[in-house]
Protein chains: 2
Amino acid sequence: MAADPLSRVFSALADPTRRDLVARLASGDATLSQLAEPYDVSVQAVSKHLRVLQDAGLVTKGRDAQRRPVHLEAEVFDLMTKWIERYRREAEARYRRLDDVLRDLPADVDPLPPAPPTTGAPS
Amino acid sequence: MAADPLSRVFSALADPTRRDLVARLASGDATLSQLAEPYDVSVQAVSKHLRVLQDAGLVTKGRDAQRRPVHLEAEVFDLMTKWIERYRREAEARYRRLDDVLRDLPADVDPLPPAPPTTGAPS
DNA sequence: CCCTTCCTCAACCAGATGGTTGACAAAGCG
DNA sequence: CGCTTTGTCAACCATCTGGTTGAGGAAGGG
């Protein structure tokens, strides 16, 4: 469970139940029992989901007597949107350029002389 | 493997290798062997990763003799960004509002009356 | 024709994941 | 003080996942 932050965030949101939790928390903090009520799984299962969201930094838990109000930390979203936007833009730019040039089959282009230029792949 | 589209996309990008593949494909199409070259895992493993990306709709495969050039389909990113933006905005709006109202502890809150986010202190 | 290149399919394995039940600590209520 | 509410921890289980190896199909190059 020592994945990089970006992987943890994507992974956390890859589950419908967890996305629903995030969606509900967007409109206000809530406790575990409140959050678990709508689903037909055990409270412990929801607690595990919250743990995953917490490990991803998407959520924090406060203290109020025996209650632990869960709070959404929306800033972490930026991690994802930045990554996405970066490559989306690159791909779109390339698409437009290719639109200009027209579908030109690069017959004399090396199929891959050096891939290295792209190796600067930061996660 | 019948997860919803959104889950598939998030899940696909939850792996560093697959994000790297996407990053590299953003700058141009490539074949499996080209894509697999930099990693020290088997070609089959990379093929599996591509399958996941394909199932998520992030990537398509063409045909060129025995080669299957892989192409990035960046539009699918929108699925994610739309979801993210929606709840990010909601959370941010709430944060600003809460900034105005000051931290007000809702002591008489109902244990989650279905929808109403009116947690007792709307105005 | 054979042989090489490129890719996929199938079987297998270790570890992560999502769920269960049961026990239990901690805070407040009667 | 006892009991209820709230949440966590632990063990267990089935399935998914990311990797491996091995076999094999399809398309060209000699």
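Quick note on labels: first sequence line is chain A, next is B, and so on, each numbered from 1.
Note on B:Arg18: a side-chain N or O is less than 4.0 Å away from OP1 or OP2 of D:dG18. Of the side-chain N and O atoms in B:Thr17, none sit less than 4.0 angstrom from OP1 or OP2 of D:dG18. Contact check, A:Arg51 against C:dG18: no side-chain N or O comes under 4.0 Å of OP1 or OP2. Using a 4.0 Å cut-off, some side-chain N or O of A:Ser33 falls inside it from OP1 or OP2 of D:dG7.
Here B:Arg19 contributes atom CZ and B:Leu53 contributes atom CG; the two are 11.0 Å apart, rounded to the nearest 0.5 Å. Here A:Leu21 contributes atom CG and A:His49 contributes atom NE2; the two are 7.0 Å apart, rounded to the nearest 0.5 Å. Taking CG of A:Leu58 as the reference point, atom CG of A:Leu13 lies at 5.5 Å (rounded to 0.5 Å).
To the nearest angstrom, P of C:dT8 lies 12 Å from CG of B:Asp55. Per the geometry, CG belonging to A:Asp29 stands 13 Å off P belonging to D:dG7, to the nearest Å. Look at OH on B:Tyr39: it is 15 Å from C1' on D:dG18, rounded to the nearest Å. Here the P atom of nucleotide C:dC9 and the CD atom of B:Gln54 are 10 Å apart, to the nearest Å. For the pair B:Asp15 CG and D:dC16 C1', the interatomic distance rounds to 14 Å; values are reported in whole Å. Across the protein-nucleic acid pair, B:His49 atom NE2 and D:dT20 atom P stand 9 Å apart, rounded to whole Å. Separating the CZ atom of B:Arg67 from the P atom of C:dT4 is a distance of 17 Å, rounded to the nearest angstrom. Distance A:Gln34 CD to D:dT5 P: 15 Å, rounded to the nearest Å.
Across C:dT20, D:dG7, C:dT8, the shortest atom-to-atom separation from the side chain of B:Leu32 is found for C:dT8. Side-chain proximity of B:Val41 to the nucleotides D:dT8, D:dT20, C:dG19 is greatest for D:dT20. In this structure, of D:dG18, D:dG19, C:dT21, it is C:dT21 that holds the atom nearest to the side chain of A:Ser42. The side chain of B:Ser47 lies closest to C:dT8 when the candidates are C:dG18, C:dT8, D:dT20. Of the listed nucleotides (D:dG18, D:dG7, C:dT8), C:dT8 has the atom at the smallest distance from the side chain of B:Lys61. Ranking C:dG19, D:dG7, C:dG18 by closeness to the A:Val52 side chain, first place goes to C:dG18.
Nearest heavy atom pair, residue A:Ser11 against residue A:Arg18, reads O-NH2, 3.3 Å.
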Where along nucleotides 23-30 of chain D does protein come under 4.0 Å, by heavy atom, of base (B) or sugar-phosphate alone (S), with - for untouched nucleotides?
-> B---BS--
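Using a 30° and 60° split on the angle between ring planes, B:Phe10 and A:Phe10 fall in the tilted class, from 30° to 60°.
Nucleic acid contact class of A:Thr31 (heavy atoms, under 4.0 Å, all strands): sugar-phosphate only.
With hydrogens and angles disregarded, no donor-acceptor distance shorter than 3.5 Å links the side chain of B:Thr31 to the backbone of B:Arg68.
When the side chain to side chain donor-acceptor pair (under 3.5 Å) test is applied to B:Arg88, the partners found at least two apart in sequence or on another chain are A:Asp78, B:Glu85.
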